[in-house]
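Note that these values count all heavy atoms, side chains included, but never hydrogens, waters or copies made by symmetry.
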Amino acid sequence: SRWEEEKKEDGVKWTQLEHRGPYFVPLYEPLPDDVQFYYDGKPLKLSLATEEIATFYAKMLDHEYTTKEIFQNNFFNDWRKEMTSTEQDVIKELDKCDFSEIHKYFVDKNEARKALSKEEKQKLKAEADKIQEEYGYCILDGHREKIGNFKTEPPGLFRGRGNHPKMGMLKKRIMPEDVVINCSKDSKIPEPPEGHKWKEVRFDNTVTWLASWTENIQNTLKYIMLNPSSKLKGEKDWQKYEVARCLKDVVHKIRDGYRADWKSKEMKKRQIAVALYFIDKLALRAGNEKEEGETADTVGCCSLRVEHIKLHPKLDGQEHVVEFDFLGKDSIRYYNKVSVEKLVFKNLQLFMKNKDPGDDLFDRLNTVILNKHLQKLMDGLSAKVFRTYNASITLQEQLKALTNPEDSVAAKLLSYNRANRAVAILCNHQRSIPKTFEKSMQILQMKIDTKKQEVEKAQQELKEAEEEFEDKKDAKAEANVEKKKKLLKRLEEQLARLNVQATDKEENKQIALGTSKLNYLDPRISIAWCKKFGVPIEKIYNKTQREKFAWAIDMTNEDFEF
DNA sequence: CGACGGGACTCAGAAATGTACAC
DNA sequence: AGTGTACATTTCTGAGTCCCGTC
C-alpha cells in the first residue's frame with residue numbers, strides 16, 4: 001500500500017514535487033462612491049491604499065478587539081504610515097474617524113450574499129471548487145496530494161491571542177515578489193501571476209513546504225504545506241506516535257530517575273527533576289523563552305515564574321498542595337491545585353526562596369537543557385513526547401475502564417467521549433462557552449421535565465393496569481399490563497438518555513475535544529476500540545479525520561495496544 | 001559552553017461555512 | 001415543503017516546540 005514505499009536518504013523528503021504555486025487572494029475593490037468615510041463629521045475621500053486599511057478596521061467594528069486601546073493605537077499608527085501626506089495632515093485622531101457607513105456597507109454585503117438564490121450560491125461554490133481543483137493539489141512522488149493552505153493570507157489587521165502587544169497592526173498583502181517557491185527541478189515550475197515575479201525559486205527536497213513568505217508582524221516565515229491526509233504528513237504522524245510508544249517502555253525508569261534526582265546535591269539536576277515531574281504528571285508544555293514585548297505574556301513549564309504558583313502545606317484536607325495559575329499557549333488559563341510529593345514541595349520552597357514574583361521558578365533551566373537531558377534518556381525524546389504519551393495512554397486506560405461490551409453503540413460512544421474528555425482535561429484544551437449554551441441547555445432541561453412527567457404518568461397507568469388485572473385476572477388486562485410496562489420502560493430509557501445528554505453537555509461546555517483527538521491520541525487506539533466493540537469508525541471520526549488517519553485505519557486490528 | 005537568530009514543523013481555538021433537523 | 005436554527009465540519013492563521021548553525 002501507499003504507506004510502505006521506498007526509503008529515502010536521511011533528511012530527503014521527496015524526489016518529485018510539482019504544484020501551481022499559491023493562489024493569491026483578490027486585489028482590493030474600492031468602495032462605491034456613496035459609501036463615505038467621515039473625519040470630524042465631514043466626509044473625506046481617501047486614497048485607495050488608505051481606504052483599504054480603513055475597511056479592515058470598519059469590518060471589525062462589532063468585534064471586541066476594536067475597543068482595546070492597544071489595538072486602536074497599533075492600528076492608527078500603522079494606518080497613518082500608509083496615508084498620503086495630505087491625509088496625514090488631516091487625520092490625526094482615531095476618535096474623530098467615523099467608519100460606520102463603511103461598516104454598514106460590509107454588513108449589508110454579507111447579508112446580500114446570504115440571501116443569494118440557490119443557483120447563484122451554486123455558481124459561487126463552483127468557482128471556489130475550480131480554484132481548489134487548480135491550486136489545491138500538488139504532485140508529490142507521483143501521487144496527487146491535497147495541499148493544506150494553498151491561498152496566501154489576505155491583508156488585514158493582526159489579531160493576536162490574549163493580551164498581545166501587536167494586536168491591530170497592519171498585516172500586509174502578500175505579493176508574488178514576497179514568495180519563495182519550492183519544487184523539483186524537472187517539474188513544471190509554477191508561473192507567477194501576470195506581470196509579476198517570484199522572490200525565488202528553489203529546489204530543496206529536504207523540506208516539505210511548497211511555498212513560503214515572511215510575515216511582517218513578527219517577521220517570521222509562513223509556509224504552504226500539505227494537507228494532513230497526505231502521505232508525507234501521515235508518516236510523520238505515525239512516527240510521532242511510535243516515539244511516544246517507545247517512551248512507554250522507559251517511562252518507569254525515567255520516573256524513578258527524576259524521583260531520585262529530587263534529592264540531588266546539584267540545583268540544576270533538582271530543577272530538571274521537578275520540571276520533568278510537572279511535564280509528566282500535569283502534561284505541561286516545555287515552555288520556551290519568548291521575546292518580551294513581542295508576544296502575549298504566556299508560559300510553559302520551564303518558563304514558569306514564582307508568581308504562577310502558590311504553595312499550601314495543607315489545603316482542603318490535602319497535603320503539599322501546589323496551586324498553579326498561569327496563562328499557557330494561546331493565553332488559555334491553566335488553573336489547577338495539585339497535591340505533590342513532599343520532596344517536590346520542599347524543592348519548590350527552595351526554588352522560590354529569596355525570589356521576586358517575576359523571577360523564574362526554574363532559574364537554572366530552559367527547554368534546551370531539559371531536552372538535551374531527555375535526549376540522553378531515550379532517542380527522539382523531548383518534552384512534548386510526554387504530552388503525546390500521557391494523552392494516548394490515558395485514552396487507552398479510560399476506554400478499558402469505561403467500556404461495557406453489553407452497552408448500545410450510543411452508550412459506548414458516550415464512554416468514548418468521556419475518555420476523550422479525560423484527555424482534553426489533562427491537556428487543558430479549552431474553548432469559550434458557546435454563545436447559545438444557556439439557551440440550548442434550558443431547552444434540554446425542558447425536554448427532561450416533560451419526559452419526567454410522562455414517566456410519572458406511565459407509572460400511574462401501570463399501577464392502575466396492575467390493579468385492574470388483580471381484579472379481573474383476564475388475558476386482556478394482562479396484555480394491558482405488559483403494554484404499560486413496555487411504555488414505561490421506553491420512557492424511562494428516553495429520560496435516561498436525555499439526562500446523559502445533559503450531563504455530557506454540561507461537562508463539555510468549556511472543554512475542546514478536537515485538539516486532543518487530532519493531535520495527541522494515537523488513532524490506532526480508537527480504531528482498535530471500534531473494531532473490538534463493533535462501533536463503526538464513522539461514529540468517532542468524520543470524513544476529514546478518516547483521511548488524516550488513513551495510515552492507522554489501514555494497519556490497525558482490534559488487538560492493537562499502544 | 002551558551003546566547004542568539006533563523007528555520008521548519010506541530011498544535012491551537014475562533015470564525016466561517018455547511019448540514020441536518022425541528023417546527 | 002420551506003425555513004430557521006443548532007450543531008458539526010472546515011478553514012484560518014496565530015502560537016507553540018525543537019533543531020541547527022554561528023559566534
For a ring-ring contact (aromatic ring centres under 6.0 Å, His included) check, start with the C-alpha distance between A:W79 and A:F99, then their side-chain angles and the critical distance, and finish with the verdict. CA-CA 14 Å; A:W79 189 30; A:F99 301 97; 5.7 Å; yes
Out of B:dC11, B:dA8, C:dT17, which nucleotide sits closest to the side chain of A:N288? C:dT17
Please report the distance, rounded to the nearest Å, between CD in A:E111 and P in C:dG4. 13 Å
Nearest-Å distance, CG (A:N417) to C1' (C:dA8)? 13 Å
Under the 3.5 angstrom rule, does the side chain of A:N542 hit a backbone N or O of A:Q545 as a donor-acceptor pair? yes
Using whole Å, report how far NZ of A:K59 lies from P of B:dA16. 11 Å
Nearest whole Å is fine: how far is B:dC9 C1' from A:E235 CD? 16 Å
Rounded to whole Å, the NZ-P distance (A:K236 to C:dT17) equals 16 Å
At under 4.0 Å between heavy atoms, what does A:K372 touch on the DNA or RNA strands: base, sugar-phosphate, or nothing? nothing
What residues from residues 376-388 of chain A pass a heavy-atom cutoff of under 4.0 Å to DNA chain B? A:K384, A:R387
With a non-hydrogen cut-off below 4.0 angstrom, is A:G300 in contact with a base, only sugar-phosphate, or nothing? nothing
Under 4.0 Å between a side-chain N or O of A:T208 and OP1 or OP2 of B:dC9? yes
Give the rounded distance in Å between these two atoms: CG of A:N366 and P of B:dG5. 15 Å
Between B:dT10 and A:Y520, is there an OP1 or OP2 to side-chain N/O distance shorter than 4.0 Å? no
5' precedence on DNA chain B between A:L518 and A:N219 (nearest-nucleotide basis): A:N219
Distance in angstrom units between A:N519 CG and C:dG16 P, rounded: 15 Å
At 4.0 Å (heavy atoms only), tell me whether A:T367 reaches a base, stays on the sugar-phosphate, or touches nothing. nothing
In B/S/- notation (B base, S sugar-phosphate only, - none; protein heavy atoms under 4.0 Å), nucleotides 9-14 of chain C written 5' to 3' is SS--SB
Along DNA chain B (nearest heavy atom to each residue), the more 5'-positioned of A:I369 and A:D237: A:I369
Using whole Å, report how far CG of A:N110 lies from P of B:dA15. 15 Å
Among B:dG18, B:dC9, B:dA12, which nucleotide has an atom closest to any side-chain atom of A:K125? B:dG18
